[in-house]
Asker: 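Starting off with a structure, shown below.
Naming: A, B, ... by sequence-line order, numbering from 1 per chain. All figures in this text were calculated on a predicted structure; none of them were measured in a lab.
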Amino acid sequence: MPGPARVRYAPSPTGEPHVGNIRTALFNWLYARHTGGQFILRIEDTDQNRIVPGALDSILESLRWLGLDWDEGPEVGGPYGPYFQSQRLHIYREIADRLLSQDSVYSCYCSPERLDEMRKEQQRRKEPPKYDGQCRYLSEAEKKRGVGDGVNPVVRFKTPLEGHTSFYDLIRGEITVANSTLDDFVLLKSDGFPTYHLANVIDDHLMEITHIMRADEWLASTPRHMLLYRALGFEPPVMVHLPLILGPDRAKLSKRHGATSLVEYKENGFLPEVMINFLALLGWSFDEKTEIFSVDELIEHFALERIGKTGAIFNHEKLLWMNGLYMRERLTVHDLMGRVLPFLEQGLPPEVPRPFDGAYVEDIMALLQDRIKLLSEGPELTEFFFMDDLEYETPTLLGKDFDRERAEGILSLVQARLSDIEDFSTEALEGMTRRMAEELGLKTGSFFGLLRVAFTGRTAAPPLFETMEALGKERCLYRIERSIRKLHDG
RNA sequence: GGCGCAUUCGUCUAGCGGCCCAGGACGCCGCCCUCUCAAGGCGGAGAUCAGGGGUUCGAAUCCCCUAUGCGCUACCA
């Protein structure tokens, strides 16, 4: 087993985290737990313009919902803090000064307008858009003038003009780019905040991160980071670039693709352990057949070597299947009830009295377990258990096999027999009704169908006798009485 | 445009030179079970392993080229 790793999840608080971000968090967390290392949460709030109020909360909430606990970071602190980059500005400033004194960087006074124009011109000429390095060669006098104009400069890195930069990525292997394809990227913005490149390299080093596990979209900027590590004299961590999660159009998954925020999955009634299981399988696999894993099993088996390299489309159908599977095979009836209850509170009509009868709800859950795929389906699937007066049309009750008179006669007989029996168990009920079917010369299909509508108001419901037992004698008699009246009164 | 990365059933994937005329899962279709709906069981269709060249006795697996897709190319991360 590999030694204890220090890994980090470093989101920026720009919105609700989507499944792609969270998959990255999950892989980092799994690796930390697998190796007995630390999982660090660092907030990359270096772009003042893009910070969204509440985003931090939804990040923390998402992680907590999944049970991805962090060893260092917001709320828990840690020996390498602060864990908000906006509180580490002095560190970046100091290191930038050091780079300045060793002539690795320079101040750039170019206006956004000039840069913009330059890029447009380059694009027009079909050239790669790159900073042209104008300020790299400023004389002392020109620098003074730049300062004198009151322009707040940015600090740019002096990318070597020649040579190549290589690094080894655990997933991709050796990667080499010519330095000439890189430009003098910005390290410190004019507002004094660092860019991702600077802050990341510094923090990962200072926080003693051993493995950088991040999405593949960062692969292209990694050579810049390697240049920085070298200039700073830092040893770079192990690089692990994770395959992207794609939308149905094979483009990088984004809000554009609809429900992608983890919070939405929670609200839609997915189980957190299902999200973990499913997300783990997006880009990672264990063997040729196993795909249902408990969190502990994932921690035990998770290995960097088994991370794939191709982007994966998020398959909602399979997620839904897995959610149903967990509910019927991995949850006890009692556990299921605990999960569904909040959705019932919220979704059942207001006329259903609260609080619900716990024993009754648990009986219902047993019948729901094989049928529910989303917790949010709870109210719709069980509503008829809670409503005294069912709403259904007479033709629904009659179906294809009965006319009013016949149905009324049958139901009256059932009513009479039902009020007589003591034992209201599934078995007794079934025995009784089957005997009746024979007695009346009815096919069980049509007879039970009639009763089903009378008791549930629906043509599709859980098994009839279990349903009757759960409802109990009193409710059943009330419902059958109503169905008879309905036929009688028209 | 430049640079980088990738390419196995519709989708997620297994496969790291012979066990593969390619295995599993979701979805789809059929049958069985059955009081409806589910669940479950069984079976089926579905991938000339992007295409073309090599290397090798032998390639999905190694090498080269092409095509396609994606990512990056900001004082965003």
Asker: I'd like to know if Arg371(A) reaches the base of C37(B) with its side chain, counting only an N/O donor and acceptor under 3.5 Å.
Answerer: yes

Asker: In whole angstrom, give me the gap between the C1' atoms of C19(B) and G4(B).
Answerer: 37 Å

Asker: To the nearest Å, give me how far apart NZ (Lys130(A)) and P (C72(B)) are.
Answerer: 19 Å

Asker: Round to a whole Å and report the spacing from CG of Leu397(A) to P of C35(B).
Answerer: 20 Å

Asker: Which value, in whole Å, describes the distance between the C1' atoms of nucleotides G46(B) and A22(B)?
Answerer: 13 Å

Asker: Just call it for Thr176(A): base, sugar-phosphate, or nothing, with non-hydrogen atoms closer than 4.0 Å on any strand.
Answerer: sugar-phosphate

Asker: Hey, which of these two, Leu219(A) or Pro11(A), hits RNA chain B nearer its 5' end, going by closest nucleotide?
Answerer: Leu219(A)

Asker: Reckon Asp47(A) touches a base, only the sugar-phosphate, or nothing at all at heavy-atom distances under 4.0 Å?
Answerer: sugar-phosphate

Asker: Whole angstrom is fine here: how far is it from NZ in Lys400(A) over to C1' in U36(B)?
Answerer: 13 Å

Asker: Hey, could you give me the CD/CZ distance between Glu44(A) and Phe84(A), rounded to the nearest 0.5 Å?
Answerer: 12.0 Å

Asker: Which letters describe nucleotides 59-67 of chain B, given B = protein heavy atom under 4.0 Å from base, S = only from sugar-phosphate, - = neither?
Answerer: ---------

Asker: Quickly work out the Gln369(A) CD to C37(B) P distance and round it to whole Å.
Answerer: 21 Å

Asker: Applying the Watson-Crick and G-U wobble criteria at under 3.5 Å, what pairs with A6(B)? Answer none if nothing qualifies.
Answerer: U68(B)

Asker: Parallel, tilted or perpendicular: which fits the ring planes of Phe185(A) and His197(A), with parallel below 30° and perpendicular above 60°?
Answerer: perpendicular

Asker: If you measure from the C1' atom in C63(B) to the same atom in A25(B), how many Å do you get, rounded?
Answerer: 34 Å

Asker: Can you measure Leu381(A) atom CG to A39(B) atom P for me and round it to whole angstrom units?
Answerer: 12 Å

Asker: Just name whichever nucleotide pairs with U61(B), Watson-Crick or G-U, keeping both distances under 3.5 Å, else none.
Answerer: none

Asker: What nucleotide, of A77(B), G27(B), G24(B), holds the atom closest to the side chain of Tyr196(A)?
Answerer: A77(B)

Asker: What nucleic acid atoms does Lys126(A) come within less than 4.0 Å of, heavy atoms only: base, sugar-phosphate, or nothing?
Answerer: sugar-phosphate

Asker: Can you check the distance between A60(B) and A45(B), where both ends of the measurement are the C1' atom (answer in whole Å)?
Answerer: 22 Å

Asker: Examine distances only and state if a side-chain atom of Asp169(A) and a backbone atom of Ile175(A) form a donor-acceptor pair shorter than 3.5 Å.
Answerer: no

Asker: Is any N or O donor-acceptor pair between the side chain of Thr181(A) and the base of C3(B) shorter than 3.5 Å?
Answerer: no

Asker: Does the plane of the ring in Phe302(A) sit parallel, tilted or perpendicular to the ring in Phe27(A)? Use 30° and 60° as the thresholds.
Answerer: perpendicular

Asker: Between G10(B) and C5(B), how far apart are the P atoms? Round to whole Å, please.
Answerer: 27 Å

Asker: Of all the nucleotides listed (A77(B), U73(B), G71(B)), which has the minimum atom distance to the side chain of Thr46(A)?
Answerer: A77(B)

Asker: Please give, in whole Å, the distance from G71(B) C1' to Leu253(A) CG?
Answerer: 14 Å

Asker: Which is more 5' along RNA chain B, the nucleotide nearest Arg452(A) or the one nearest Ile171(A)? Just name the residue.
Answerer: Ile171(A)

Asker: Who does G1(B) pair with, Watson-Crick or G-U, both distances under 3.5 Å?
Answerer: U73(B)

Asker: Measure the distance from CG on Leu246(A) to P on G69(B) and round it to the nearest whole Å.
Answerer: 13 Å

Asker: In whole Å, measure the gap between the C1' atoms of C9(B) and G24(B) for me.
Answerer: 12 Å

Asker: Is the distance between the ring centroids of Tyr196(A) and Tyr92(A) under 6.0 Å?
Answerer: no

Asker: Return yes if the base of A6(B) and the side-chain atoms of Lys309(A) contain a donor-acceptor N/O pair under 3.5 Å, otherwise no.
Answerer: no

Asker: With P as the reference atom in both, quote the distance from G23(B) to A39(B) in angstrom, rounded to an integer.
Answerer: 26 Å

Asker: Can you identify which nucleotide, out of C75(B), G1(B), C72(B), has its nearest atom closest to the Pro129(A) side chain?
Answerer: G1(B)

Asker: Taking the P atom of each, how far is C37(B) from A50(B), in whole Å?
Answerer: 43 Å

Asker: What integer distance in Å separates Leu281(A):CG from U13(B):P?
Answerer: 8 Å

